[in-house]
Structures are given as C-alpha cells and as structure tokens.
Amino acid sequence: MRYIRIKNGEDYYDIPATNNYQVSYVKLWAGDTNRAMDGTYTGTIIGIFPKIAITWPTLTGSQQSLLLSIFNKPSLHIEWWDAAKQQYNSGEFQTSDVNVGVLLADKDLWVDFSAELTALKRI
C-alpha cells in the first residue's frame, strides 16, 4: 500500500488512512510565457512541482487536532509515493488549503477533513 508520512519534529508521523490521496505534477511557468498569434504556446518552464491532495473519510477529534497542528506550520517534510519515479520520494511542502470538514457531534467524528500540500522546490 502506498502511503504518505509527515515529519513532525524528528519523527515521521504515518497519517491516518485516507479515502483519497492524489498527487499532481504542476508546471510553473516563467514570466516570459505567452501564446503567440498563431496559437502556439512559448515560454520557459521553471519546474514541475508535486502537489498532494489528501482527504480523510473520518477522524477523531484528537487525530484532527494533531493534523491541524502539523498542517499549520510554515513548511512540512513529506514522504510519499512518487508515481513518476516509481519510488518513495521526500521533500519540503507548504500547506495551501486545509478544510476541517463536518463534525458529527453525536459520534465526536469529523468527516471529509482535507489538505492540499505543494512542494517548495522542484523534486
């Protein structure tokens, strides 16, 4: 099974099981990028940066609290399965969006907690 691990201090934290773990490879283009009059696209690619989107089906309040404390940091060290290289890879990421989901108060569970992480450097 492919996994994502988040470094929290000196230790890696294996995140709770997810129902959605998606890696995108986002191209970042330089300012000289334009579409020419003939429709061709010209410009310089600065790099391709992995973006990881994760959704959890349910979390306990303590699991959510731990994830929020980690995702609210300026940057995170992440280890994930890199499909492009067919191996585990790691790097520094920033959290772009975190959605805390919906509280099922009678069960003290949070539903559909999600986070998006974007690499700080080309990896």
Side-chain angles (χ1 to χ4, degrees):
M1 180 176 166
R2 308 298 183 224
Y3 66 86
I4 301 173
R5 296 190 320 158
I6 301 169
K7 193 168 189 179
N8 189 17
E10 293 300 313
D11 299 317
Y12 277 99
Y13 173 67
D14 292 323
I15 62 171
T18 71
N19 66 339
N20 185 359
Y21 154 35
Q22 178 179 347
V23 179
S24 303
Y25 297 89
V26 181
K27 293 178 184 173
L28 180 61
W29 293 85
D32 67 347
T33 304
N34 289 306
R35 188 167 301 279
M37 293 299 288
D38 67 356
T40 59
Y41 202 63
T42 61
T44 305
I45 293 179
I46 294 172
I48 298 174
F49 295 76
K51 183 175 186 177
I52 301 173
I54 313 166
T55 302
W56 287 267
T58 57
L59 292 173
T60 64
S62 61
Q63 288 174 319
Q64 183 195 51
S65 180
L66 176 62
L67 288 174
L68 283 171
S69 72
I70 293 169
F71 289 147
N72 285 333
K73 294 179 180 180
S75 65
L76 308 164
H77 191 85
I78 304 289
E79 184 177 281
W80 83 103
W81 177 256
D82 187 339
K85 296 179 180 179
Q86 290 295 298
Q87 65 185 23
Y88 288 99
N89 202 348
S90 65
E92 293 296 314
F93 283 72
Q94 69 178 7
T95 305
S96 52
D97 293 312
V98 175
N99 180 344
V100 297
V102 178
L103 173 63
L104 301 176
D106 58 331
K107 297 179 182 179
D108 192 30
L109 292 175
W110 292 85
V111 179
D112 294 333
F113 182 97
S114 64
E116 289 188 6
L117 312 167
T118 305
L120 294 175
K121 297 180 181 179
R122 288 180 286 194
I123 297 176

Inset, instruction - Begin from the C-alpha positions of R5 and W80 and carry the test side chain to side chain contact (heavy atoms under 4.5 Å, CB included) through to its verdict. - result: CA-CA 7 Å; R5 296 190 320 158; W80 83 103; over 6 Å; no

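- Atom-to-atom distance recorded for L76:CG and I70:CD1 is 7.5 Å, nearest 0.5 angstrom.
- Counting heavy atoms from C-beta outward, V23 and W81 have side chains that stay 4.5 Å or more apart.
- Side-chain atoms of Q64 come within 3.5 Å of backbone N or O of V100 as a donor-acceptor pair.
- Criterion: ILVMFWY side-chain heavy atoms under 4.5 Å apart, direct or through other members. Under it, I52 and F49 are not part of a common hydrophobic cluster.
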Inset, instruction - Give the C-alpha distance, both sets of side-chain angles, the deciding distance and a yes or no for side chain to side chain contact (heavy atoms under 4.5 Å, CB included) between L109 and T60. - result: CA-CA 5 Å; L109 292 175; T60 64; 4.1 Å; yes

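- Minimum interatomic distance between T33 and G43 (heavy atoms only, all atoms of both residues): OG1-CA, 3.6 Å.
- Side-chain contact between L117 and I54 is present, with at least one heavy-atom pair separated by less than 4.5 Å.
- For residues 23-33, no residue pair satisfies the salt bridge (charged side-chain N to carboxylate O under 4.0 Å, His left out) rule, not counting sequence neighbours.
- A distance of 8.0 Å separates OH in Y41 from CG in N34, rounded to the nearest 0.5 Å.
- Note on residues 84-93: no pairs pass salt bridge (charged side-chain N to carboxylate O under 4.0 Å, His left out), not counting sequence neighbours.
- Heavy atoms only, all atoms of each residue included: K51 and S96 are closest at CE-OG, 4.5 Å.
- Note that the OG atom of S90 and the NZ atom of K7 stand 9.0 Å from one another [nearest 0.5 Å].
- Under the 4.5 Å side-chain heavy-atom criterion for ILVMFWY residues, a single connected hydrophobic cluster contains both L68 and W56.
- Of the possible donor and acceptor atoms, none in the side chain of T44 sits under 3.5 Å from a partner among the backbone N and O of A30.
- Between the CH2 atom of W110 and the OG1 atom of T58 there is a distance of 13.0 Å, given to the nearest 0.5 Å.
- When hydrophobic clusters are built by joining Ile, Leu, Val, Met, Phe, Trp and Tyr residues whose side-chain heavy atoms come closer than 4.5 Å, directly or via intermediates, I48 is grouped together with I78.
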Legend entry - Trace of the side chain to side chain contact (heavy atoms under 4.5 Å, CB included) decision for T118 with V26: CA-CA 9 Å; T118 305; V26 181; over 6 Å; no

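- When side chains are defined from C-beta on, Y25 counts as touching D82, because their heavy atoms get closer than 4.5 Å.
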Inset, instruction - Begin from the C-alpha positions of F71 and I6 and carry the test side chain to side chain contact (heavy atoms under 4.5 Å, CB included) through to its verdict. - result: CA-CA 10 Å; F71 289 147; I6 301 169; 3.6 Å; yes

